[in-house]
> 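Dropping the structure in here first, questions after.
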Amino acid sequence: LYKRWIPDTNYENETNWDKGAVPCGNDVVRFSAQTQVSVFVESAHAVRETRLPVDGEFILNSGGGFYASDGREPGCGPGVATRFKDPGSLRWFDPALWQAAASLDDLRRGRFLFSVHEESVPCRWDDVVFRALSSFRVDTGSGGSSVPVRAVSVRGKVFDGRAEFAQYLSSRSGRLQFHGSSAVTVGNPGCGDPSGCECGNSANRRRICSSVTCASVECKKPLLPVGHCCEVCGAIVTIRYAAGFDLQTYRQRIHHLFLVLPKYKSVQLGMSKVSRSRRLMGIVPFGASPEVQLTLLDGEKGAESEALAWDVVSDARSHGSVLGIAGAEFRASSGGGGSSS
Amino acid sequence: EPGDAAAAQGRNGRDISSDQPRMLSDNGHLVFTTGDNKEIRFQTSASGRVKVGNEDLTLLLSQIKTNKDDIDNIKSHGGGVPPDIANKLNQLDTRTSSL
Amino acid sequence: EPGDAAAAQGRNGRDISSDQPRMLSDNGHLVFTTGDNKEIRFQTSASGRVKVGNEDLTLLLSQIKTNKDDIDNIKSHGGGVPPDIANKLNQLDTRTSSL
Amino acid sequence: EPGDAAAAQGRNGRDISSDQPRMLSDNGHLVFTTGDNKEIRFQTSASGRVKVGNEDLTLLLSQIKTNKDDIDNIKSHGGGVPPDIANKLNQLDTRTSSL
């Protein structure tokens with residue numbers, strides 16, 4: 001999948017300024033001396049006075065830059081002292097800071113995929129995308145371990161070779177954009193298994209979940225999907241797959257058959273390859289077996305999710321042999337559930 | 001957010017008048033343009049330097065003036081004595097030493 | 001959309017990532033850089049100036065060429081007459097004036 | 001800003017806010033400044049150029065050094081022979097040729 005970092009350190013992004021507005025020609029602009037930041041400047045801005053950081057950079061898009069203010073900037077007001085917020089604390093492992101999509105085109109069109117928390121953060125198979133016309137600063141965390149992904153694209157350049165990306169990380173831009181003792185490494189193979197691949201972020205679960213604040217849930221039997229940090233109201237469908245199962249094709253099928261229906265428009269559906277430990281007699285673990293987990297949330301008490309879970313399981317029952325599905329079952333936070341095999 | 005860029009244009013995207021000095025990127029080139037009657041100034045503190053690549057621009061600019069002064073001096077008082085002239089003068093001196 | 005990899009391709013399909021100029025601060029040094037084959041340009045209008053410290057860059061650069069022309073002229077036609085030579089010539093002239 | 005002064009102390013306790021480069025409009029002039037002992041640098045990649053108007057600054061800077069070398073050479077070995085001197089030497093040579 002493609003995972004795109006949401007925040008940016010763009011000059012034109014008003015949320016990056018402490019006054020909530022992009023400075024104009026009557027304003028005095030301050031970067032704190034020790035703010036380490038790479039700022040992308042997309043267009044031309046009037047400058048009255050700008051104090052730059054001691055270590056930082058402005059990347060100038062064609063047409064971007066600065067000009068001396070004549071002090072008569074229309075619509076700028078009397079002028080304020082404004083500060084670029086320190087972007088230092090935005091963490092790679094914060095699931096809220098990523099958007100996921102099945103393709104670059106989907107990313108561009110805003111067709112995002114919902115994922116459990118562990119999978120919202122880039123998995124080792126994923127392509128990580130930082131917006132082309134942007135810069136950013138991401139804290140990859142302490143601990144010194146490497147953070148493997150398939151590829152990283154920064155301002156339009158795709159890095160999928162380990163050495164080349166390591167070189168980029170050591171460049172000035174790279175050092176301003178990525179900080180933390182854990183280094184992102186590229187060149188990991190993509191997911192070669194049509195039935196999907198486990199994300200592999202369970203090792204990072206603590207870091208991921210520490211960024212998440214769980215909402216209180218008000219359903220009878222809250223569910224905890226594998227890879228999610230919070231109990232939720234909704235439903236979990238578990239698919240036992242067989243030869244011929246293709247996760248991507250199945251994701252599209254569920255989308256076209258169900259998610260486009262008005263009655264399911266508020267349902268979020270996340271689909272992951274997960275590994276759940278099997279327990280003999282429900283007690284003794286006897287190994288893990290991979291399966292596909294569909295997490296269904298609707299922000300309400302889970303009624304829509306439960307209805308969709310029934311539809312998904314029925315579909316699997318009717319077309320399982322074609323789809324490569326050996327069995328499907330679901331649990332709902334209402335306490336309901338069903339299975340097929 | 002795409003919308004932000006547009007908003008920023010509204011607030012900042014006014015035409016730059018021809019008398020406003022500016023630094024803009026033009027297709028990857030970094031262009032400093034002075035406006036009419038306006039300056040672009042690069043000011044370091046006393047001990048700071050302006051460098052172009054590895055060259056110390058401050059030193060070189062001062063060298064230009066030293067060069068000019070030297071040239072002015074050479075124009076009025078000459079430089080060293082060309083060997084041809086020195087030889088000829090010696091020859092003439094010898095030739096006329098008995099006079 | 002100012003979004004992603006595809007959008008980063010210039011109109012001519014070239015990768016634009018490495019060739020954007022930067023103004024950067026490196027431990028307090030102010031550095032202007034460009035990418036491969038890209039220029040830093042100072043464009044002065046008739047009345048505008050680029051100043052490095054108190055020096056007028058445009059004027060000084062034109063002085064470089066004036067200096068070169070002066071030097072070329074001195075190389076071919078000499079500069080002023082060095083006093084030593086003038087003295088020697090006067091001495092010889094006096095010495096031989098009766099010849 | 002209140003919090004900042006304290007926050008701007010470097011590891012060694014020095015106030016680093018004075019190391020911050022600035023870009024400002026001084027009466028409509030565009031001014032870039034740096035702190036004590038800090039440089040302003042213009043860096044192009046190997047094949048890039050710094051141009052002032054139509055002039056290649058790198059070439060001009062190297063001309064300054066060529067000029068200096070030429071001037072040094074003229075100082076020690078003289079430039080061309082000034083016509084006045086050449087004439088005078090010829091005259092003296094003729095006058096003394098029979099000696």
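Any value given below was found using the heavy atoms of this structure, including those in side chains, with hydrogens, waters and symmetry copies removed. By convention in this document, chain letters (A, B, ...) are assigned in the order of the sequence lines, proteins followed by strands, and residues within each chain are numbered from 1.
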> Which residues pass the salt bridge (Lys or Arg N to Asp or Glu O under 4.0 Å) test with D84(D), sequence neighbours left out?
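For D84(D), no residue satisfies salt bridge (Lys or Arg N to Asp or Glu O under 4.0 Å) once neighbours in sequence are set aside.
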> Rounded to the nearest 0.5 Å, what separates atom CG in N67(B) from atom CD1 in I64(D)?
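Separation between the atoms: 7.5 Å.
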> Could you look at L30(B) and say if it's the side chain, the backbone, both or neither that has a heavy atom under 4.5 Å from chain D?
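Nothing of L30(B), per the 4.5 Å heavy-atom cut-off to chain D.
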> With a 4.5 angstrom heavy-atom cut-off, which part of N27(D) approaches chain B: side chain, backbone, both or neither?
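When you check distances to chain B, only backbone atoms of N27(D) fall under 4.5 Å.
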> Quick check for you: to the nearest 0.5 Å, what is the distance between H29(D) atom NE2 and T34(B) atom OG1?
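Those atoms lie 11.0 Å apart.
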> Is it the backbone or the side chain of K65(D) that comes under 4.5 Å from a heavy atom of chain B, or both, or neither?
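When you check distances to chain B, only side chain atoms of K65(D) fall under 4.5 Å.
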> Mind checking side chain to side chain contact (heavy atoms under 4.5 Å, CB included) for S62(B) and listing every partner two or more places apart, or none if nothing turns up?
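By the side chain to side chain contact (heavy atoms under 4.5 Å, CB included) rule, S62(B) matches no residue at all.
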> Output the distance between atom CG (D70(B)) and atom NZ (K68(D)), rounded to the nearest 0.5 Å.
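Taking CG in D70(B) and NZ in K68(D), the distance rounds to 8.0 Å.
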> So which of A86(B), P83(B), G53(B), S45(B) has the biggest tally of heavy-atom pairs under 4.5 Å with chain D?
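Option with the greatest count: S45(B).
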> Does the pair D93(D)/R95(B) count as a salt bridge with the N-to-O cut at 4.0 Å?
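So D93(D) pairs with R95(B) through a salt bridge.
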> Going from OG1 on T96(D) to CG on L92(B), what distance comes out if it is rounded to the nearest 0.5 angstrom?
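If I round to the nearest 0.5 Å, the distance is 5.0 Å.
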> Can you tell me how far the CG atom of L89(D) sits from the CG atom of L89(B), to the nearest 0.5 Å?
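Here the rounded value is 5.5 Å.
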> Which residues satisfy the side chain to side chain contact (heavy atoms under 4.5 Å, CB included) test with L24(D), sequence neighbours excluded?
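Expected list: E49(A), R22(D), D26(D), V31(D).
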> For chain D, which residues from residues 35-42 of chain B lie under 4.5 Å away (heavy-atom distances)?
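The residues closer than 4.5 Å to chain D, in numerical order, are N37(B), K38(B), E39(B), I40(B), R41(B), F42(B).
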> Drop me the distance from L61(D)'s CG to Q63(B)'s CD, to the nearest 0.5 angstrom.
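Reported to 0.5 Å precision, the distance equals 11.5 Å.
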> Side chain, backbone, both or neither: which part of T44(D) has a heavy atom under 4.5 Å from chain B?
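Answer is neither: T44(D) stays 4.5 Å or more from chain B.
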> Using non-hydrogen atoms only, which part of L60(B) is less than 4.5 Å away from chain D: side chain, backbone, both, or neither?
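Looking at L60(B), backbone and side chain both touch chain D.
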